[in-house]
Amino acid sequence: MPNSSVPPGTLVMLVLRVLQAGPLHGYAIAQRLHQLSSDALRIEEGSLYPALQRILLKGWARAEWTMSETNRRVRLYRLTPAGRRQLESEMADYERLNAAIRSILRTA
Amino acid sequence: MTLGELWRRVDYLLHRSRYERELREEMAAHVAMKQEDEPRFGDALRLREDAADVWGWRWWDHFVQDVRFGVRQLRRAPVLALSGVVTLAIGLGVNVAVFQIVDVALLRPLPVKDPDSLFRFVRRSPHGMTTSFSYRSMEFYAERTGAISAPMGVVYAEVTLDEDRTRHVPVDFVTPNYLTEIGAVPVLGRLFDPTDAAADVVVLSDAAWRARYAADPAIVGRTIHVNGHPFTVAGVLSPKFALAEHQVTAWLPIGTHPRAFPGSRLLTDWSDGPVTFYGRLSRTESAATLKDATVTTGRALHQVDADAALEGEWLEPRAAGRLAEPDARSAAVIAIAGTLTGLVLLAACANLGTLLLARAFTREREMAIRLSVGASRGRLLRQVLTESLLLASLGAAAALWLGSSATRVLLSLTDAPAVLQPHLDWRAITFTAVLAVVATFAFGAVPALHAVQPRLRHMRLRGLLVGAQVATACTLVVLAGLLVRALDRAVHTSLGFDYEHQITIDPGLRTSGARPADAQEYWRRLETRLTHIPAVESLAVATLPPLGHRVNSGRLPSGAIGIYHHVEPSYFDVMGISLLGGRLFDSRDTGTAVVSDSFAAAVWPGENPLGKLHQGRTIVGVVNAARTVLVGNDAAVEMYMPIDAEHLPDGFLIVRVRDDPRTMLPQIVSAARDIDPKILPSVAVLSDAFDERVQIPARSAMVAGALGTVALLLAATGIAGLIGFTTSQRVREIGVRVALGARPRHIVEALVAHYRLPVAAGAAIGFVIASVMAFVLRSELFGVSPVDPVSYAATSALLVLFAAAASLGPLRRALRVDPVTVLRAE
């Protein structure tokens with residue numbers, strides 16, 4: 001069975017990225033990440049909720065309660081300006097790291 | 001961590017239940033939305049806890065848990081908890097008391113305006129020092145010394161108020177700027193202004209206004225009589241003010257002194273006056289720059305009037321914004337007090353340590369279970385320390401109460417001004433908290449060590465605990481013993497003179513401006529009048545009141561302190577001091593003197609003092625050694641010179657009576673009052689002065705005795721507890737020994753063997769500390785040696801007695817061990 005967990009340290013960035021398109025609730029975030037990765041990644045609740053609490057703690061997103069389309073009370077996470085800045089800087093960092101790793105893998 | 005994040009963390013802690021509920025609901029929604037084919041949601045509780053950990057409050061949860069658990073533990077062992085709290089309350093409380101007293105006396109500035117720039121000036125010369133000025137020389141300095149701003153003069157005096165002509169109350173005659181300059185404010189009326197320099201106005205203290213004038217709201221403008229002279233009340237001073245170390249009833253302008261004391265030459269005399277000189281110095285001024293600035297003024301003053309200034313005199317500033325100057329002497333007192341109370345705390349910690357060690361032993365199983373179900377050693381350690389901290393917090397709270405009460409009682413025994421009452425401020429609380437934390441680590445180390453290293457037997461630790469308690473107890477008991485012996489000596493051994501049958505009369509002639517001729521006349525009339533009273537045996541004028549606070553002394557080359565009296569020839573008869581050799585001087589003698597045998601031994605060791613010269617006088621007689629002034633200091637030796645006319649205004653009269661001096665008092669008072677209606681002498685029974693003088697060793701002995709008893713009890717219960725603990729630990733071994741034929745002697749031997757060395761070492765250390773402290777205190781010991789063998793032997797005996805009595809119970813229990821029962825239980 002192929003490894004379907006998210007590389008360590010990147011989950012917060014991925015969550016912030018899917019929230020960039022608009023506010024989502026916890027289950028939708030997990031679903032979205034699963035779909036966007038073409039079913040390659042599965043987000044465990046055990047890591048999703050600590051990541052969401054961390055995002056709240058850092059002030060990168062705000063949570064609000066609304067009714068979903070299935071008429072269920074859900075908690076939406078909405079990106080804050082600080083969250084946007086954090087996403088940009090994390091993505092830039094990730095790009096740099098990724099490029100470095102790739103160049104090593106290609107040439108070594 | 002950013003500020004926003006910190007704020008959100010705190011918000012989380014405050015609204016925790018809401019955060020948790022939201023997370024729970026959110027997860028529930030998540031579970032409900034899950035599809036059939038997805039993996040099942042994990043353990044919800046575990047997931048919630050992990051998520052909540054992000055907020056970083058887990059340590060707090062643990063702390064709260066530990067506190068709750070600790071409270072339960074204390075409740076389960078109420079006797080242990082109570083004795084722990086009491087032990088700590090005493091150990092910490094004595095430290096709180098000392099802290100508050102030091103705080104009041106030294107650290108906290110007096111309630112005056114800008115205390116740090118306020119100074120009192122003393123006159124210094126290469127040959128000596130004096131603290132008082134004549135009014136004119138004070139003015140002379142004030143006008144010519146630019147560095148001193150706001151010069152103030154204060155003259156202390158005792159006067160009668162209104163019709164009450166029998167009791168004297170303390171007042172200050174002050175320059176008009178004094179009250180406003182030190183920041184005092186009136187509660188009624190006004191203070192002095194510059195035009196009041198010689199106006200007949202008076203400012204009353206709040207206490208006097210309430211006590212004497214029933215807090216009369218219309219007091220301002222009323223006329224009251226000071227020494228019979230009318231003064232108008234200008235105002236009443238707020239009680240939130242004090243500069244003087246004594247409490248004063250009223251303040252009067254210095255210019256009115258001649259009217260309150262008819263004949264006073266305070267304002268005109270150049271020579272020695274009673275003025276205390278205060279003023280302000282800017283922060284950059286120092287003793288050295290003031291010396292440079294005033295040494296020429298001093299020379300000029302000396303030229304104006306040779307008696308006005310010492311030769312080569314200059315001014316030296318003394319900080320006046322605090323009750324006592326933080327000098328070497330007060331540092332020594334603090335060091336001694338701090339060491340004693342620190343020792344009591346150490347004893348309390350050691351005692352508590354032994355209690356908790358026994359308890360840790362009974363909890364070994366609990367700890368083992370906790371470890372085996374997954375608690376980390378760190379967590380266990382934290383829990384045990386939290387329990388100790390809990391005990392310490394309760395103890396600290398009790399100590400704050402106990403210490404403050406003790407301070408209040410102690411201060412009420414002295415005549416400290418009311419504004420100096422201690423109050424529980426944040427400094428005292430911080431001090432107590434810090435000390436409590438230190439104590440927690442001291443006594444808490446024992447159960448903590450046991451929790452993480454339960455297999456260690458801690459024999460050395462037990463030795464340390466016993467040693468510390470014994471050392472403390474020995475130090476305190478030896479000191480208490482020395483002080484009790486000093487007190488005993490003060491009361492029962494001769495001071496070399498008689499104080500049971502004398503009355504002293506102090507008319508304060510110098511204050512009233514009497515010249516030598518006036519004084520001579522006054523004394524002649526008073527003595528004639530008193531000799532007609534049948535019960536009066538003899539009387540003498542002298543310059544230094546026995547057991548009084550006036551001293552005229554100089555250090556002798558041998559290190560002894562020479563006390564110089566000017567007395568009438570009858571002095572020796574009045575005081576009951578007997579002639580040992582040579583002769584006494586008579587009233588016609590001038591260049592002669594009599595010394596005590598101790599004085600002779602200090603100045604001419606091994607030689608015959610008769611015929612020798614000292615300070616230009618021929619020694620004609622030797623009398624028995626008396627300590628009339630510095631009674632507690634056996635380094636004080638006395639010399640007596642015939643009183644000359646110049647010293648008569650400084651004199652006071654000692655009257656020896658046949659009957660109880662107390663019953664004689666009214667007769668003597670009225671006789672003395674009749675001589676001169678302007679002069680109102682204060683009359684006192686000498687034995688009262690003695691009683692007051694022995695208060696110092698009596699109180700010190702009381703305090704040291706109380707501390708010593710506490711330490712002794714702590715040590716005894718500590719040792720008993722440890723022996724009991726050892727017994728229960730070794731009950732099997734004892735059973736085996738008894739089964740193999742051990743005699744009771746052997747069992748006791750085996751149980752106490754480990755404690756012999758710590759007890760001996762502790763006692764030795766205690767004795768060394770005690771002798772060092774006693775050496776520092778020796779001037780209060782009335783000649784008792786700092787290594788007085790009686791005190792040390794008595795302490796050793798007392799310690800052995802207490803320890804033996806306390807150990808009796810546990811040892812008897814050990815001897816009752818039944819080998820059959822014990823071995824069956826195996």
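Only heavy atoms go into these numbers, but all of them, side chains included; no hydrogens, no water, no symmetry mates. So you know, we letter chains A, B, ... as the sequences are listed, proteins then strands, and number each from 1.
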Checklist outcome for this item: The interface call for A:Leu56 against chain B, heavy-atom contacts under 4.5 Å, is both

Next on the checklist: Need one label for A:Gln31: side chain, backbone, both or neither, based on atoms under 4.5 Å from any heavy atom in chain B.
Outcome noted: side chain

Checklist entry - With a 4.0 Å cut-off, would you call A:Asp93 and A:Arg96 a salt bridge? => result yes

Checklist entry - Checking heavy atoms, do the side chain of A:Arg72, its backbone, both or neither come under 4.5 Å from chain B? => result side chain

Checklist entry - How would you list, in number order, the residues of residues 50-78 of chain B that have a heavy atom less than 4.5 Å from chain A? => result B:Asp50, B:Ala51, B:Val54, B:Trp55

Item to check | B:Val10 vs B:Leu14 side-chain heavy atoms within contact, under 4.5 Å | outcome: yes

Next on the checklist: Checking B:Phe441 against B:Leu385 for the side chain to side chain contact (heavy atoms under 4.5 Å, CB included) test, could you report, in this order, the C-alpha distance in whole Å, the side-chain angles of both residues, the deciding distance, and whether it holds?
Outcome noted: CA-CA 8 Å; B:Phe441 282 98; B:Leu385 274 177; 4.0 Å; yes

Next on the checklist: Apply side chain to side chain contact (heavy atoms under 4.5 Å, CB included) to residues B:Leu380 and B:Leu371 and explain how you reach the verdict.
Outcome noted: CA-CA 8 Å; B:Leu380 223 53; B:Leu371 276 177; 3.6 Å; yes

Next on the checklist: Taking the side chain as everything from C-beta on, heavy atoms only, tell me whether A:Thr10 gets closer than 4.5 Å to A:Tyr94.
Outcome noted: yes

Next on the checklist: Just to be sure I understand the criterion: a residue of residues 19-33 of chain B counts if one of its heavy atoms is under 4.5 Å from a heavy atom of chain A. Which ones qualify?
Outcome noted: B:Glu22, B:Leu23, B:Glu25, B:Glu26, B:Met27, B:Ala29, B:His30, B:Ala32, B:Met33

Checklist entry - Do side-chain atoms of A:Thr80 reach the backbone of A:Gly59 as a donor and acceptor pair under 3.5 angstrom? => result yes

Item to check | Other residues, nucleotides, ligands: >12 heavy atoms within 6.0 Å of B:Arg18 CZ | outcome: yes

Checklist entry - Just how far is it from atom CG of B:Asn351 to atom CG of B:Leu465, taken to the nearest 0.5 Å? => result 9.5 Å

Checklist entry - Is a side-chain donor-acceptor pair under 3.5 Å present for A:Arg32 with A:Gln35? => result no

Checklist entry - With a 4.0 Å cut-off, would you call B:Glu366 and B:Arg370 a salt bridge? => result yes

Item to check | Residue A:His34 versus chain B: region with a heavy atom under 4.5 Å | outcome: neither

Checklist entry - Is it true that atom CH2 of A:Trp65 has more than 12 heavy atoms of other residues, nucleotides or ligands lying nearer than 6.0 Å? => result yes

